[in-house]
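Below is one structure; the comments refer to it alone.
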Amino acid sequence: MSNYNFNDIETKWQEYWANNKTFKANNNTTEPNYYVLDMFPYPSGAGLHVGHPLGYIASDIYARYKRHKGFNVLHPQGYDSFGLPAEQYAIQTGQHPAKTTDVNIARYREQLDKIGFSFDWSREVRTSNPDYYKWTQWIFIQLFESWYCKTLEKALPISELINIFEEEGNIGINAKCDAQQAEFSAKQWNDFDDVKKQSILLNYRLAYLAETEVNWCPKLGTVLANDEIVNGVSERGGYPVVRKKMMQWSMRISNYADRLLTDLETLDWSDSLKDTQRNWIGKSVGAAIKFKVFSNKKDAQSNYIGATIGVFSTRPDTIFGASFIALAPEHELVQKITTIEQRFEVAKYIEETAKKSERDRMADVKNTTGVFTGAYAEHPFTKEKLPIWIADYVLVSYGTGAVMGVPAGDQRDYDFAKKFHLPIKNIFKDVDVSEKAYEEKGNTIIANSDFISEMPHQIASEKVIEALEKLGQGKKKINYRLRDAVFSRQRYWGEPFPVYYKHGLPQMIDLKYLPLVLPKVEKYLPTETGEPPLGRADNWAWDTRHNIVVNKDLIDDITVFPLELNTMPGWAGSSWYFFRYMDPKNTREFASKEALEYWKNVDLYIGGSEHATGHLLYSRFWTKFLFDRGFVPVNEPFKKLINQGMILGESAFVHRIEGENTLVSSGQAKEYKTQKIHADVSLVNTQNELDIEAFKNWRPEFKDAEFITEEDGTFKVSREVEKMSKSKYNVVNPDDICEQYGADTLRMYEMFLGPLEQAKPWSTAGITGVHNFLKKLWRLYHTGENGAFFVNDNPASKESLKTLHKTIKKVTEDIENFSFNTSVSTFMIAVNELTAQKCNCKEVLESLAVLIAPYAPHIAEELWKKLGHEQSISTVVFPVFNNQYLVEDSKEYPVSFNGKMRFKMELPLSLTKDEIETAVMAHEKTQHYLQGRIPKKVIVVPGKIVNIVG
RNA sequence: GCUCAAGUGGCGGAAUUGGUAGACGCGCUGGAUUCAAAAUCCAGUUCCCUCGGGAGUGUGGGUUCGAUUCCCACCUUGAGUACCA
């Protein structure tokens, strides 16, 4: 007697894989290699729910499949273990975040192990481990020691830049750096003192220290990157965010904007994800135009105040429609150009707008406000004097922080002109702008515009740019929305910067003395003086004579200096971890040249789309940088990327009659005015019946509540699909599923739920179908007396071979296309057919076990062993599809005409090629299609398709 | 507002170089087995119907011998982004 005892089987094989290091990847083989990666998890205290493993299961199926196909597969896993929740827990409890993190990781590992993943755990990485963040610090130093040459479009060592400065100054340098950098000659450079030189170099370094306007979250006590803010509040916690100027480390990611954009073309990612990154980078092509500023309307050179306002416009063709210039309230020229009469008004307006938070400003979009500066800008062609206004619809952080107002061509300019009674000049042919602006481009023809009248808008744009260049008042310009990434966080639980400050200038600690390990602090909060938590550490100064960390009392600014108090953001460690897996134990390099050369980049990366503008962009940026500097051999980290869809929860609700302590079953709820209250899904069975007693215990405030049931006496809840989360009481734990149905059932069911990339609700109700399938599969191999294992060596029947090869074909295609959901169906059909055929043929059943192994590895291993094999099934070659088994037994021939027509026709067995051609030509539908036309050629692909060309 | 994705039975979903729509599973109905239940097995299950058939893949058009699939317009839902000049 032998039942499908999944718990025993799974425990047994999980131990076997661990003990035999079955999935250990080799760094040096002659076989082809393949790198399958999951986005490593942040180990939160809540543990895993059934949604988390979805992507891991998919990647595991693919990794196992690739092993069967003879690849040396790298399939590692680790933890993104620096992060906010552990720190906030530390603030509340005083427990060191490292401890919390270790506990959480242990729990994660336990949960992951139960699902039977083929991870190579010998390569585990943890970003919070000093052996790991040593190299995060090292990469930071490399960024600091690099600049970006625009001519070569690559990062170069800063030492080369210094050489150029010494020889030629900075006049010939085509670098992307801070725009304000003044020109200097070689002689001037050599005469600068060290402090001056260092501060100039900071303007070129890829990691640089600068006073920047940042998103400050007072509640979290830290700055946030743009991608960490959602709807004007912090992504984590939902706290308000304000703009604030602070001295911060930043990354010059904007240097890479163009490459990050164009190289998207080379990647096998989904279009929607590429689009998200394109939008985020936000390239727009247009013109930079300079307007001379005059103190009044009169056309006299004496009124020119010696300043120009630069604007950026994507529509230089509309320049003759400009009727005003608008500046952002924070624009640096505001003070300089405002006339005496307008000073008071302007100051008042700026004060008002400064008070508004980012959020208020967003909420207030429809409300057009502004104030006149008293100054005028000269139109470069008409010499007309356009009034200069200040308006808060202009953003200081985009373009130049100033726009030319063209009411006819832009709705915001139009609204502004209407409100302040500025002229609206129609510069479009046959277009009505009396009600609203005309923003379409299409085939617009320009009118009333001097030398560009009657031209289509694209040509007009080019002509205007040409003319501006002649005047020296403008040129073609490409603008990006992507801004440099702030890299400092005022937190404890992150990588310390390997930086100390000598006379206020940052100095890097040499690699030899890394890692610079996080110091101990008694509290994880900022200091009373507003310094980050590291300000509380006593041992936090750098002794340059002994190259060690010492007590900060010893700071003398001669040999002992203060260390940086900020830490790195969460994305630092996750931007390069995929390289570390290649050589995780290396103490001399972040990964050896050989390992990097062997594995190259990640072949398949699976993870959530929420990282589109964060992790995935930063990783690409760092990889390109490391590539430029020759540290890695690849320009892009992730060749193919799949976003798994989220698994949603099915929340359960009980209906409560408003104002009463009475709960009513969902079928009766329409009769009353009710409100819905979340009930824990574990208290509800698959028929949506609530366990009333358990519910009362769970929510004691309903202990005495009255329950209005259905007529049959049951109490039903209503269901709604929501995100799976603890607060919605709809979390399903994978451990429970493994316990009740087994890991193989969980794995197959998660795949069966629907397409990998699609969001879908979890419903435990349907799991029995998949579980039954595995039981049937088991029975297929146990047809002996009393359910004993039984196979025979008889040759396979034609029928069974057909079933088998149909299945091989479909499953292979499915795996290659990541349609894991349909191959589960294919397996079900195969098992049903083989059962009906009473197939006991060893040969067929062996192949079937291998086919199923990537999906349900435990049962496959067990069956494989019963079939008499010693080796793990994971070493077995995947079955190969053989067309002949389908052809020989098939009477139906799908027919395709020149790629346009397909139908099935009944043909006798074993026809020759010529006979098939004749039959096809005589076929009624063929005749109908051809309608007397004579085809040039008939192509016959055995058993599959007939193509008629002509 | 803009960008993208998706709309198919009671439910999750199959089916694309355009060729029998609804595979597979859940649920439901009936039957077998059982003292009974669970489990298992078998049959049925898009809708309408006068049992001959008719309608049908969000809506309306178009291309085609033929459209869930391609094209146009619209509606709905979801995701991202948002005063980006």
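Being a predicted model, the structure only gives us computed values, none of them experimental. Residue numbering restarts at 1 for every chain, and letters A, B, ... go by the order of the sequence lines.
- Distances shown here put every side-chain N or O of A/Thr276 at or beyond 4.0 Å from the OP1 or OP2 atom of B/rU81.
- Between A/Asp410 and A/Arg315 there is no salt bridge, since no side-chain nitrogen of the basic residue lies less than 4.0 Å from a carboxylate oxygen of the acidic one.
- Here the P atom of nucleotide B/rG13 and the CH2 atom of A/Trp762 are 14 Å apart, to the nearest Å.
- Distance, A/Glu833 CD to B/rA23 P: 15 Å, rounded to whole Å.
- At whole-Å resolution of the value, CD in A/Glu439 and P in B/rC84 are 9 Å apart.
- Nucleotide B/rG27 holds its P atom 14 Å from the CD atom of A/Glu689, rounded to whole Å.
- Closest to the side chain of A/Pro755, out of B/rC24, B/rA85, B/rG13, is B/rG13.
- Within 4.0 Å (heavy atoms only), A/Asn832 reaches sugar-phosphate atoms of the nucleic acid but no base atom.
- B/rA79 is paired with B/rU3 under the criterion used here, namely a Watson-Crick or G-U wobble arrangement in which both key atom distances are under 3.5 Å.
- We find that CG of A/Asp392 is positioned 11 Å from P of B/rC83, with the value rounded to whole Å.
- Looking at A/Arg481, its side chain does come within 3.5 Å of a backbone N or O of A/Trp280 through a donor-acceptor pair.
- Taking the ring centroids of A/Phe416 and A/Trp389, they lie under the 6.0 Å cut-off.
- Ring to ring, A/Trp778 and A/Phe773 are not that close: their centroids are 6.0 angstrom or more apart.
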Under the criterion ring-ring contact (aromatic ring centres under 6.0 Å, His included), I'd like the reasoning laid out for A/His771 against A/Phe6: C-alpha separation, chi angles, the key distance, then a yes or no. CA-CA 10 Å; A/His771 189 60; A/Phe6 48 86; 5.3 Å; yes
Just the atom pairs and distances: protein N or O near nucleotides 3-12 of chain B's N or O, under 3.5 Å.
from   : atom 1 : to       : atom 2 : distance (Å)
B/rG12 : O2'    : A/Leu753 : O      : 2.6

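- Ranked by how close their nearest RNA chain B nucleotide is to the 5' end, A/Tyr398 and A/Ser819 are led by A/Ser819.
- In this structure, B/rU46 forms a base pair with B/rA55, meeting either the Watson-Crick or the G-U wobble geometry with both donor-acceptor distances under 3.5 Å.
- A gap of 28 Å separates the P atoms of B/rA67 and B/rU76, to the nearest Å.
- Nucleotides B/rG61 and B/rG53 place their P atoms 28 Å apart, quoted to the nearest Å.
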Apply ring-ring contact (aromatic ring centres under 6.0 Å, His included) to A/Tyr4 and A/His782, showing your working. CA-CA 10 Å; A/Tyr4 172 40; A/His782 294 82; 9.4 Å; no
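- A syn base is found at B/rG9: its glycosidic angle is within 90° of 0.
- To the nearest angstrom, P of B/rU81 lies 13 Å from CG of A/Leu617.
- When the P atom is compared between B/rU20 and B/rU69, the two are found 14 Å apart, to the nearest whole Å.
- In this structure, A/Ile829 atom CD1 and B/rG22 atom P are separated by 13 Å, rounded to whole Å.
- Taking a 6.0 Å sphere around CG of A/Asp271, one finds it holds 12 or fewer heavy atoms contributed by other residues, nucleotides or ligands.
- Shown here are the side-chain contact (heavy atoms from CB on, under 4.5 Å) partners of A/Ser284, two or more places apart in sequence or in another chain: A/Phe312, A/Thr314, A/Tyr398, A/Asn479.
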I'd like a list of close polar pairs between nucleotides 38-42 of chain B and the protein, N/O only, cut-off under 3.5 Å.
from   : atom 1 : to       : atom 2 : distance (Å)
B/rU40 : OP1    : A/Asn772 : OD1    : 2.5
B/rU40 : OP1    : A/Asn772 : ND2    : 3.3
B/rC41 : OP1    : A/Arg779 : NH2    : 3.2

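- Distance check on atom P: B/rA21 versus B/rG66 gives 15 Å, rounded to whole Å.
- Between B/rG58 and B/rU77, the distance separating the two P atoms is 16 Å to the nearest Å.
- Across all strands shown, B/rA36 has no partner, as no Watson-Crick or G-U wobble contact with both distances under 3.5 Å is found.
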Would you please test A/Lys418 and A/Asp415 for salt bridge (charged side-chain N to carboxylate O under 4.0 Å, His left out) and show each step? CA-CA 5 Å; A/Lys418 274 271 176 209; A/Asp415 295 340; over 6 Å; no
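- B/rA85 and B/rA5 have their C1' atoms separated by 29 Å, given to the nearest Å.
- Separation of the C1' atoms belonging to B/rG9 and B/rG80 is 32 Å when rounded to the nearest angstrom.
- Near RNA chain B, defined here as any heavy-atom distance below 4.0 Å, the residues from residues 405-413 of chain A are A/Arg412, listed numerically.
- Under the ring-ring contact (aromatic ring centres under 6.0 Å, His included) criterion, A/Tyr438 pairs with A/Phe428, sequence neighbours left out.
- Atom C1' of nucleotide B/rA79 and atom CD of A/Glu757 are separated by 14 Å, given to the nearest angstrom.
- B/rU16 and B/rC70: their C1' atoms are spaced 10 Å apart (whole Å).
- Two residues are said to be in side-chain contact when any heavy atoms from C-beta on lie closer than 4.5 Å; A/Val334 and A/Thr373 fail this criterion.
- The CD atom of A/Glu750 lies 10.5 Å from the CG atom of A/Leu756; values are rounded to the nearest 0.5 Å.
- For A/Glu757, there are no salt bridge (Lys or Arg N to Asp or Glu O under 4.0 Å) partners two or more places apart in sequence or in a different chain.
- Nucleic acid contact class of A/Asn821 (heavy atoms, under 4.0 Å, all strands): sugar-phosphate only.
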